[in-house]
Amino acid sequence: RTERGELTIIGMVSGQTEAVADYRNCNLLPIQQSRNTSGMHKSISYCIDTAPRKSSLRMLVVSSGWCRFDEYRKHHKAQTRRMSKFAAHPKLKEFGINLIYYNVENTIKRDGVAMLNLHSHVLFESTRYLGKKKWKQFLEFARNFFPKGYVHDSKIQKAKEVVKYCFKPSEF
């Protein structure tokens, strides 16, 4: 457990306050992962339910490709840094795109050695209609931003489409 110091969450409606503490945990454990994704589902569901225009919400799946299990830490760090830089990129503001949430998920395969496919689900909101030409430019920018170039977009209806798992326990 790590402490953040004097950080407090204040409820916008209720005004209730709660001190915040960080927990380092392992999402390899199915029970812990379930607890973590449950909270994420609630937050994303609230976001989807209160969106002014549901049609403005979309999801990207961004793949970082396969890496060896023993090199995972390096690849995970690179993926999260890339996602942070993408979220803060000025070009997104030009397109009218606000990133709301992103995560890192993994699928596992074994072919002599354990391999992980790091990928992120990115929930974002488009603040204005882009049209086909601008939308194509945005997707091209996103694909060029990520080295593997695999970026897939889709409409979003349910939180469970965005937050699925960190690791699939059955694969582990």
Side-chain angles (χ1 to χ4, degrees), residues 9 20 22-28 32-67 71-109 115-169 171:
I9 295 175
V20 178
D22 280 340
Y23 291 90
R24 298 199 83 188
N25 55 52
C26 180
N27 285 308
L28 299 175
Q32 184 64 50
Q33 178 171 246
S34 178
R35 287 180 188 152
N36 289 344
T37 56
S38 174
M40 288 186 252
H41 280 129
K42 288 178 187 173
S43 296
I44 298 302
S45 290
Y46 177 80
C47 179
I48 291 170
D49 292 344
T50 59
R53 295 181 347 256
K54 292 198 188 337
S55 63
S56 68
L57 295 176
R58 295 198 57 94
M59 181 178 89
L60 293 178
V61 178
V62 178
S63 179
S64 171
W66 292 92
C67 73
E71 297 173 347
Y72 178 78
R73 186 179 180 98
K74 175 179 76 171
H75 288 273
H76 184 275
K77 193 175 195 177
Q79 176 75 354
T80 55
R81 283 190 175 155
R82 221 175 282 117
M83 290 305 305
S84 291
K85 288 178 181 176
F86 182 69
H89 201 285
K91 201 94 163 127
L92 292 183
K93 196 172 206 167
E94 286 177 34
F95 286 115
I97 303 286
N98 294 327
L99 261 63
I100 297 169
Y101 166 87
Y102 64 87
N103 64 10
V104 175
E105 296 183 355
N106 304 276
T107 51
I108 301 170
K109 76 174 180 179
M115 301 286 286
L116 295 165
N117 177 18
L118 272 77
H119 59 282
S120 295
H121 288 190
V122 183
L123 177 64
F124 67 92
E125 175 186 36
S126 179
T127 58
R128 63 179 177 265
Y129 180 74
L130 294 177
K132 288 182 181 183
K133 185 178 176 184
K134 285 280 190 190
W135 183 250
K136 188 176 177 183
Q137 288 174 354
F138 165 68
L139 287 178
E140 187 177 322
F141 163 74
R143 288 185 179 114
N144 290 331
F145 192 87
F146 297 98
K148 298 292 179 187
Y150 179 81
V151 175
H152 171 75
D153 78 298
S154 62
K155 290 182 181 179
I156 188 71
Q157 303 295 328
K158 300 176 186 170
K160 289 191 178 202
E161 295 173 56
V162 181
V163 182
K164 291 185 179 174
Y165 54 83
C166 300
F167 285 95
K168 292 180 181 175
E171 290 179 348

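Quick note: numbers below take in every heavy atom, side chains included, and nothing from hydrogens, waters or symmetry partners. It should be emphasised that the depicted structure is a prediction, and the values quoted were computed from it without experimental measurement.
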From CA spacing to verdict: side-chain contact (heavy atoms from CB on, under 4.5 Å), Leu57, Ile48: CA-CA 8 Å; Leu57 295 176; Ile48 291 170; 3.9 Å; yes
Worked check of side-chain contact (heavy atoms from CB on, under 4.5 Å) between Lys134 and Tyr129: CA-CA 9 Å; Lys134 285 280 190 190; Tyr129 180 74; over 6 Å; no
Residues Arg58, Trp135; criterion side-chain contact (heavy atoms from CB on, under 4.5 Å); working and verdict: CA-CA 12 Å; Arg58 295 198 57 94; Trp135 183 250; 3.5 Å; yes
Residues Phe138, Leu92; criterion side-chain contact (heavy atoms from CB on, under 4.5 Å); working and verdict: CA-CA 8 Å; Phe138 165 68; Leu92 292 183; 3.5 Å; yes
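Rounded to the nearest 0.5 Å, atoms CG (Asn106) and SG (Cys67) are 7.5 Å apart. Here Phe124 contributes atom CZ and Leu99 contributes atom CG; the two are 8.0 Å apart, rounded to the nearest 0.5 Å. For the atom pair CD1 (Ile100) and CD (Glu125), the distance works out to 5.0 Å, reported to the nearest 0.5 Å. Rounding to the nearest 0.5 Å places CZ of Arg82 at 9.5 Å from CG of Leu118. The NZ atom of Lys132 sits 11.0 Å away from atom NZ of Lys136, with the distance rounded to the nearest 0.5 Å. A distance of 12.0 Å separates NE2 of His119 from NE2 of His152, quoted to the nearest 0.5 Å.
In this structure, the ring of His121 has its center no less than 6.0 angstrom from the ring center of Tyr102. Ring to ring, Phe86 and Phe146 are close: their centroids are under 6.0 angstrom apart.
Looking only at side-chain heavy atoms (C-beta outward), Val61 and Asp153 stay at 4.5 Å or farther from each other. Between Val122 and Met83 there is a side-chain heavy-atom pair separated by less than 4.5 Å. Two residues are said to be in side-chain contact when any heavy atoms from C-beta on lie closer than 4.5 Å; Lys109 and Asn117 fail this criterion.
Residues Phe145 and His89 share a closest heavy-atom pair of CE1-CD2, 3.6 Å. Across all their heavy atoms, Lys77 and Thr80 have their closest contact at O-OG1, 3.0 Å. In this structure, Leu116 and Ile108 approach most closely via the heavy-atom pair CD2-CG1, 3.2 Å.
Remark: Glu94 engages Lys91 in a salt bridge, criterion side-chain N to carboxylate O under 4.0 Å.
Atom CZ of Arg128 sits in a crowded spot, with more than 12 heavy atoms from other residues, nucleotides or ligands closer than 6.0 Å.
Side-chain polar atoms of Ser120 and Gln79 form a donor-acceptor pair below 3.5 angstrom.
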